[in-house]
Amino acid sequence: MAHALQLAERGRYTAHPNPLVGCVLARGDTVVGEGWHQRTGSAHAEVNALQMAGGQARGSTAYLTLEPCAHHGRTPPCAEALIAAGVAGVVVAIADPNPDVAGGGLKLLADAGIEVRTGLMQSVAESLNRGFFSRVTQQRPFVRLKLAASLDGAIAMTTGESQWITGDAARADVQRLRARSGAVLTGIGTVLADDPSLNVRSAELDTGDLQPLRVVLDSRCRMPPGAAMLSLPGATLVCCAQAGPGSEALRESAAEVLVFPDPGGRVDTDAVLGELAKRGVNEVLVESGPVLAGHLLETGRIDELVIYQAPHMMGSQTMGLLDTPSWSSLADRATLNITDVRRVGDDTRITATPSRQD
């Protein structure tokens with residue numbers, strides 16, 4: 001199962017919006033077939049493993065990181081393929097929450113007389129596909145906030161100068177975060193200040209030309225039609241609180257413009273996340289300035305933070321990481337559970353999750 005989970009990870013940049021799935025077929029201690037889901041629309045992990053095993057699949061045990069599908073989508077049901085191949089047993093890490101599956105694959109296997117076991121390395125399998133599970137069970141993507149700052153918490157000088165705080169290795173690491181995400185979200189302030197591309201441009205990543213959806217929260221529809229991202233491959237969605245006079249110009253520049261107002265005159269972030277879930281986005285990477293980052297964190301929309309700390313001090317004439325006007329006392333602070341700390345080049349990367357308070 002551990003090997004199947006490693007295989008599943010190979011589809012990280014190309015399988016979404018489908019879940020990451022790995023499959024190992026074994027006869028005793030001998031692996032006779034293995035596979036993973038490589039790209040949406042292509043063969044699933046089970047089919048790839050069965051093709052490798054050929055006739056040796058009969059009587060084998062299949063180790064699957066996710067319940068096999070039991071419905072006809074772009075490909076035939078994998079549960080039926082396992083039955084037809086004559087496997088003797090199936091070990092599944094975790095059931096599929098997708099209503100089209102939801103135990104149906106396990107039932108098909110059991111009804112065919114195949115021994116089925118579930119729960120092996122379940123927590124690892126769930127973590128592997130936490131974006132998919134969030135989208136299917138909560139109707140919202142998994143939201144990851146990327147931050148980069150000096151050791152004293154500065155993201156830029158007060159003049160706006162910010163390139164570059166972190167080093168080449170950290171910026172390459174952010175490319176991997178983008179490549180695994182179905183969408184990259186930013187605010188209009190960042191667009192107006194930096195004119196970012198928000199695309200995947202690393203030649204080292206095999207993404208199959210996939211680009212994350214670029215999402216801009218722009219309450220007053222001030223997005224420039226000439227913004228750099230609008231001339232790049234991939235799609236851009238501009239989310240406004242009201243349709244402004246620039247809407248048509250943006251549409252002519254290949255942007256999609258949607259209106260999601262909230263009672264305070266801002267963009268309704270919950271509505272935006274719900275829309276992204278409907279579009280099959282499993283993971284959202286937030287790359288923004290302190291206003292949007294602070295708003296998402298103080299309102300509980302962030303599931304994970306990835307913080308890059310550069311080994312220098314920038315002093316007092318700087319801008320801070322977060323703008324959180326509702327936090328007025330020490331009791332308001334966000335407590336984080338640090339899950340990983342490692343060096344990335346000369347910088348330190350801290351991965352953390354916010355503690356959920358009832």
Side-chain angles (χ1 to χ4, degrees), residues 131 140-149 155-156 160 162-166 170-171 173-201 211-241 244 246-247 250 253-260 262 266-277 279 281-299 301-308 319-324:
R140 68 182 295 276
F142 183 89
V143 182
R144 178 178 290 110
L145 173 61
K146 186 273 291 183
L147 299 169
I155 64 168
S162 63
Q163 295 184 339
W164 295 102
I165 292 177
T166 54
R171 294 196 293 276
D173 200 51
V174 172
Q175 287 286 303
R176 289 186 280 273
L177 292 180
R178 289 182 185 177
R180 67 177 289 165
S181 304
V184 178
L185 185 148
T186 194
I188 185 60
T190 298
V191 174
L192 295 177
D194 300 334
D195 195 18
S197 298
L198 300 183
N199 62 342
V200 178
R201 49 186 179 272
Q211 288 289 341
L213 174 66
R214 297 177 289 267
V215 183
V216 179
L217 302 191
D218 179 10
S219 58
R220 290 180 285 162
C221 207
R222 296 181 291 156
M223 176 86 169
M229 68 178 70
L230 297 178
S231 64
L232 298 172
T236 300
L237 172 63
V238 181
C239 300
C240 306
S247 299
L250 284 172
S253 298
E256 182 180 1
V257 180
L258 295 178
V259 178
F260 298 102
D262 75 2
R266 305 181 65 145
V267 177
D268 186 334
T269 51
D270 285 334
V272 172
L273 293 176
E275 174 66 22
L276 295 180
R279 296 178 181 222
V281 173
N282 294 326
E283 296 186 9
V284 173
L285 177 64
V286 179
E287 295 190 56
S288 71
V291 174
L292 178 56
H295 171 70
L296 294 174
L297 187 60
E298 68 182 347
T299 55
R301 269 76 172 187
I302 300 301
D303 298 304
E304 182 178 82
L305 298 92
V306 179
I307 307 165
Y308 298 90
M319 298 167 54
L321 271 176
L322 303 169
D323 181 14
T324 53

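Since the structure is predicted, the reported quantities are computational estimates derived from the model, not experimental observations.
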Rounding to 0.5 Å, atoms CD1 (Ile155) and CG (Leu147) come to a distance of 8.5 Å

Taking C-beta and beyond as the side chain, do Leu192 and Pro224 meet within less than 4.5 Å on heavy atoms? yes

What distance separates Lys146 NZ from Leu177 CG, expressed to the nearest 0.5 Å? 8.5 Å

Exactly one of Val238, Val191, Val272, Ile188 clears side-chain contact (heavy atoms from CB on, under 4.5 Å) with Leu217, and that residue is Val272

With distance as the sole test, does Arg171 use its side chain to make a donor-acceptor pair with the main-chain N or O of Thr166 at under 3.5 Å? yes

Quick one: closest heavy-atom pair of Leu276 and Ala183, and the distance? CD1-CB, 4.4 Å

For the CZ atom on Arg201, are there more than 12 heavy atoms of other groups (residues, nucleotides or ligands in this structure) within a distance under 6.0 Å? yes

Checking Arg178 side chain against Asn199 main chain: does a donor-acceptor pair fall under 3.5 Å? yes

Beyond-backbone contact of Glu304 with Glu283, side-chain heavy atoms, under 4.5 angstrom: no

Indicate yes or no for a side-chain donor-acceptor contact from Asp303 to the backbone of Val143 under 3.5 Å, with no hydrogens or angles considered. yes

Nearest 0.5 Å, please: how far is CZ in Arg266 from SG in Cys239? 14.0 Å

Shortest non-hydrogen separation from Val257 to Cys240 and the atoms involved: CG1-SG, 4.0 Å

Could you tell me whether the side chain of Val216 reaches within less than 4.5 Å of the side chain of Met229, counting heavy atoms only? yes

Going through the checks in order, is the side chain to side chain contact (heavy atoms under 4.5 Å, CB included) test met by Thr269 and Leu296? CA-CA 8 Å; Thr269 51; Leu296 294 174; 3.9 Å; yes

Does any part of the side chain of Ser181, heavy atoms only, come nearer than 4.5 Å to the side chain of Val284, both counted from C-beta? no

Got a donor-acceptor contact below 3.5 angstrom from the Asp195 side chain to the Ala228 backbone? yes

Nearest non-hydrogen partners of Pro225 and Leu230, listed with the distance: O-CD1, 3.4 Å

Separation between CZ of Phe260 and CG of Leu237, rounded to the nearest 0.5 Å: 6.5 Å

Sub-3.5 Å donor-acceptor pair from the side chain of Ser219 to the main-chain atoms of Ala241, do we have one? no

Please report the interatomic distance CG(Leu145) to CG(Leu305), rounded to the nearest 0.5 Å. 5.0 Å

Do any N or O atoms from the side chain of Arg301 and from the backbone of Thr299 form a donor-acceptor pair under 3.5 angstrom? yes

With heavy-atom distances below 4.5 Å as the criterion, would you say the side chains of Leu250 and Cys221 are in contact? yes

Is it the case that the side chain of Thr236 and the backbone of Arg214 share a donor-acceptor pair, with hydrogens and angles ignored and the cut-off at 3.5 Å? no

Side-chain (Thr186) to main-chain (Glu287) donor-acceptor, under 3.5 angstrom: yes

From Ile302 atom CD1 to Arg144 atom CZ, the distance as rounded to the nearest 0.5 Å: 10.5 Å

Are any of the side-chain heavy atoms of Leu185 and Leu292 separated by less than 4.5 Å? yes

For Pro212 and Val200, the nearest pair of non-hydrogen atoms, with its separation, is CD-CG2, 3.7 Å

